Q: 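Dropping a structure here in structure tokens format, bear with me for questions.
Chain A is the first sequence line, chain B the second, and so forth, proteins listed ahead of strands; every chain is numbered from 1. Small disclaimer: the values here were computed from a predicted structure and weren't measured.
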Protein chains: 2
Amino acid sequence: MHSVRATPGEGPLFAQVQALIIQRMVDGIWTPGERLPSEFALAEEFNVSQGTVRKAFDALVHENLLIRHQGRGTFIAAHSAKRELYRFFHLVSKDGVTPPPQTSRLISFERRKCSAEESRRLKISKSAHVVNIQRVRSMNKAPVIIENIVVPDALITGLGEDNEIPNELYQLYEQSYGVTIHKAIEHLHARATTRSEACHLSLIEGAPLLEIDRLAFTLDGTPVEWRVSRCDTSAHSYLSELF
Amino acid sequence: MHSVRATPGEGPLFAQVQALIIQRMVDGIWTPGERLPSEFALAEEFNVSQGTVRKAFDALVHENLLIRHQGRGTFIAAHSAKRELYRFFHLVSKDGVTPPPQTSRLISFERRKCSAEESRRLKISKSAHVVNIQRVRSMNKAPVIIENIVVPDALITGLGEDNEIPNELYQLYEQSYGVTIHKAIEHLHARATTRSEACHLSLIEGAPLLEIDRLAFTLDGTPVEWRVSRCDTSAHSYLSELF
DNA sequence: GAGTGGTCTAGACCACAGA
DNA sequence: CTGTGGTCTAGACCACTCT
């Protein structure tokens, strides 16, 4: 069969195996939560040794793309509320380190043509449409974050029409639209609260706010969501661990 | 010799090898920049196979503790200006992503008894002494950050007496005092500029500032430095990548 | 018990650096 | 040329899960 070796591709075998696995995820052949064939089965299919498949798996596990369970098998990683909390939500309460439970209140929801900036950030055509969600997130019943979320309409057709908008959007993208968020880049600034923000967050106008400007990407590097969160950091802080 | 197997310790062999290697770094037997024995040499010493040593090395390379050079050997990772920039300095210019060159201006330097808060954060005795540095960092000649740095005096005796205080302190800690910063935890807040900060940063009082509260740790988890940086984020942003 | 991943070993060959 | 890490293979045994 020589599925891998017949097309030598580039570089080490394990990297080629890795790329093939990722490609199957991108193509939707393997979906989040699904169990992969065993290491030996894949080794036979790709005509490499089991150790080579293992090495490819190892790398993908480190990238949070696969999850192994001894005795059960290897699975495509899926977003879960718990996982999401730690990976993509870095605001922690000031004293304890525990991320408090959250609720969201929708402020506005609209489907409209994208702005020039949105077109640039999301790499979509200037005439494309987007879904724009604004909401306030509360922790322990106190409003803490005001979020402005922009997603290309094409990626999530029908969102908000027949279904509720859940707290954890990334699970929704994944489960309902087959869009898996894999990476995000955040730019943080300190900004003064505007009048309308002050109203939503029970702050005074001009108070310092932490602004988190996040662009989220799928597996193949396509930007999927642009989210700007403005956070009241008087009782919380953004946690960043450097290794 | 069965150096590893004779004392079965706990868990997998490669993890024990890993721990032994880390211990030698903590003990100063192997110092930053130094070349380690080859995989085969260590395998013989520890009485394991070369593959097991390799697996231990792999993990340590992922943790930024070792660096491999094909054909040359494996080395203890050392802080370099370039490495430091990417690992522990996340402020980037707003437009380009390139971290601009920096200069520092010393505001104050003193050796004194630690405060209660400093004792708590640095886990040192309430009667211990600390070195306290305050300085302003500029990027492209404009003042951007005001830093307040507190280090236990015991760890860096003599600092600032006979030598200059360099821009990159972590290199100094490592090279002059054998203290290697391996991990840091940062808590970010938005804060209003105080009068004295406003003066140093050429801002108006009350303008929003990004405060970075960082605790830095050595290999064995000892806190070594407490640093609070207050940043003007009008032309820069704190970059955080989530995977 | 059968199947899976987890660990460990042993040996082969390659690519690179340095004397 | 020698020694190093980089890759790949093959096979053994263990620990865990499920039926």
Q: So does Phe243(B) have more than 12 non-hydrogen atoms from other groups sitting under 6.0 Å from CZ?
A: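 Yes, the 6.0 Å shell around CZ holds more than 12 heavy atoms from other groups.
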Q: From dC8(D), dT9(C), dG6(C), pick the nucleotide closest to the side chain of Ser49(B)?
A: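 When the side chain of Ser49(B) is considered, dT9(C) is the closest of dC8(D), dT9(C), dG6(C).
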Q: Between C1' on dG6(D) and CG on Leu66(B), what's the gap in Å once rounded to a whole number?
A: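 Atom CG in Leu66(B) sits about 16 Å away from atom C1' in dG6(D).
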Q: Could you state the atom-to-atom distance from CZ of Phe14(B) to C1' of dT9(C) in whole Å?
A: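 My rounded result for the distance is 15 Å.
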Q: Among His187(B), Arg227(B), Glu147(B), whose side chain to side chain contact (heavy atoms under 4.5 Å, CB included) with Arg214(B) holds?
A: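 It is Arg227(B), the one option of His187(B), Arg227(B), Glu147(B) that forms the side chain to side chain contact (heavy atoms under 4.5 Å, CB included) with Arg214(B).
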Q: Counting side-chain heavy atoms from CB outward, which of dG5(C), dT9(C), dG6(D) is closest to Glu39(B)?
A: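 In terms of side-chain proximity for Glu39(B), the closest of dG5(C), dT9(C), dG6(D) is dG6(D).
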Q: In whole Å, what is the span from the CD atom of Gln18(B) to the P atom of dT7(C)?
A: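 Nearest whole value for this atom pair: 11 Å.
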Q: Is the phosphate of dG5(C) approached by Thr74(A) (side-chain N or O, under 4.0 Å from OP1 or OP2)?
A: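 Yes, within the criterion.
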Q: Mind checking whether His69(B) and Phe75(B) have ring centres under 6.0 Å apart?
A: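 Yes, the ring centres sit under 6.0 Å apart.
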Q: Kindly determine whether Leu36(B) and Leu66(B) satisfy side chain to side chain contact (heavy atoms under 4.5 Å, CB included), including the steps that lead there.
A: CA-CA 9 Å; Leu36(B) 265 61; Leu66(B) 298 182; 4.1 Å; yes
Q: Report the distance from atom CG of Leu42(A) to atom P of dT9(D), rounded to the nearest whole Å.
A: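 In whole Å, dT9(D) P lies 14 Å from Leu42(A) CG.
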Q: With the side chain of Val48(A) defined as its heavy atoms from C-beta on, choose the nearest nucleotide among dC8(C), dT9(D), dT4(D).
A: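 Closest nucleotide among those given: dT9(D).
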Q: For residues Gln18(A) and Phe57(A), determine if any side-chain heavy atom of one lies less than 4.5 Å from a side-chain heavy atom of the other.
A: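 Gln18(A) does not reach Phe57(A) side chain to side chain.
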Q: To the nearest angstrom, how far is Arg35(A) atom CZ from dG5(C) atom C1'?
A: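 That distance rounds to 11 Å.
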Q: dA15(C) P sits how many Å from Leu13(A) CG, rounded?
A: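 The answer, rounded to whole Å, is 13 Å.
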Q: Using the 3.5 Å cut-off, write out each protein N or O paired with an N or O of nucleotides 16-19 of chain C and the distance between them.
A:
unit_1  : atom_1 : unit_2   : atom_2 : d
dC16(C) : O4'    : Gln70(B) : OE1    : 2.8

Q: Check whether any side-chain nitrogen or oxygen of Thr52(A) sits under 4.0 Å from OP1 or OP2 of dT7(D), and answer yes or no.
A: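 No, Thr52(A) has no side-chain N/O under 4.0 Å of OP1/OP2 on dT7(D).
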Q: Check the distance between dT7(D)'s P and Lys55(B)'s NZ and give it to me in whole angstrom.
A: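 Checked: the NZ to P distance equals 16 Å.
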Q: Within this structure, what is the CZ-to-P distance between Arg54(A) and dA10(D), rounded to whole angstrom?
A: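 Going from Arg54(A) (CZ) to dA10(D) (P), I get 15 Å.
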Q: 5'-most contact on DNA chain D: Gln50(A) or Leu36(B), nearest heavy atom basis?
A: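 Comparing both residues, the 5'-ward one is Leu36(B).
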Q: Select one nucleotide: of dT9(D), dG5(D), dC8(D), the one nearest the side-chain heavy atoms of Phe57(B).
A: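 Among the listed nucleotides, the one closest to the side chain of Phe57(B) is dG5(D).
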Q: Is the shortest distance from a Lys or Arg side-chain nitrogen in Glu45(A) or Arg24(A) to a carboxylate oxygen in the other one below 4.0 Å?
A: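 Between Arg24(A) and Glu45(A) there is a salt bridge, with a charged N closer than 4.0 Å to a carboxylate O.
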Q: Just one of Glu168(B), His182(B), Glu84(B), Arg87(B) clears the side-chain hydrogen bond (donor to acceptor under 3.5 Å, both in side chains) bar with His79(B), so which one?
A: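 The single option meeting the side-chain hydrogen bond (donor to acceptor under 3.5 Å, both in side chains) with His79(B) is Glu84(B).
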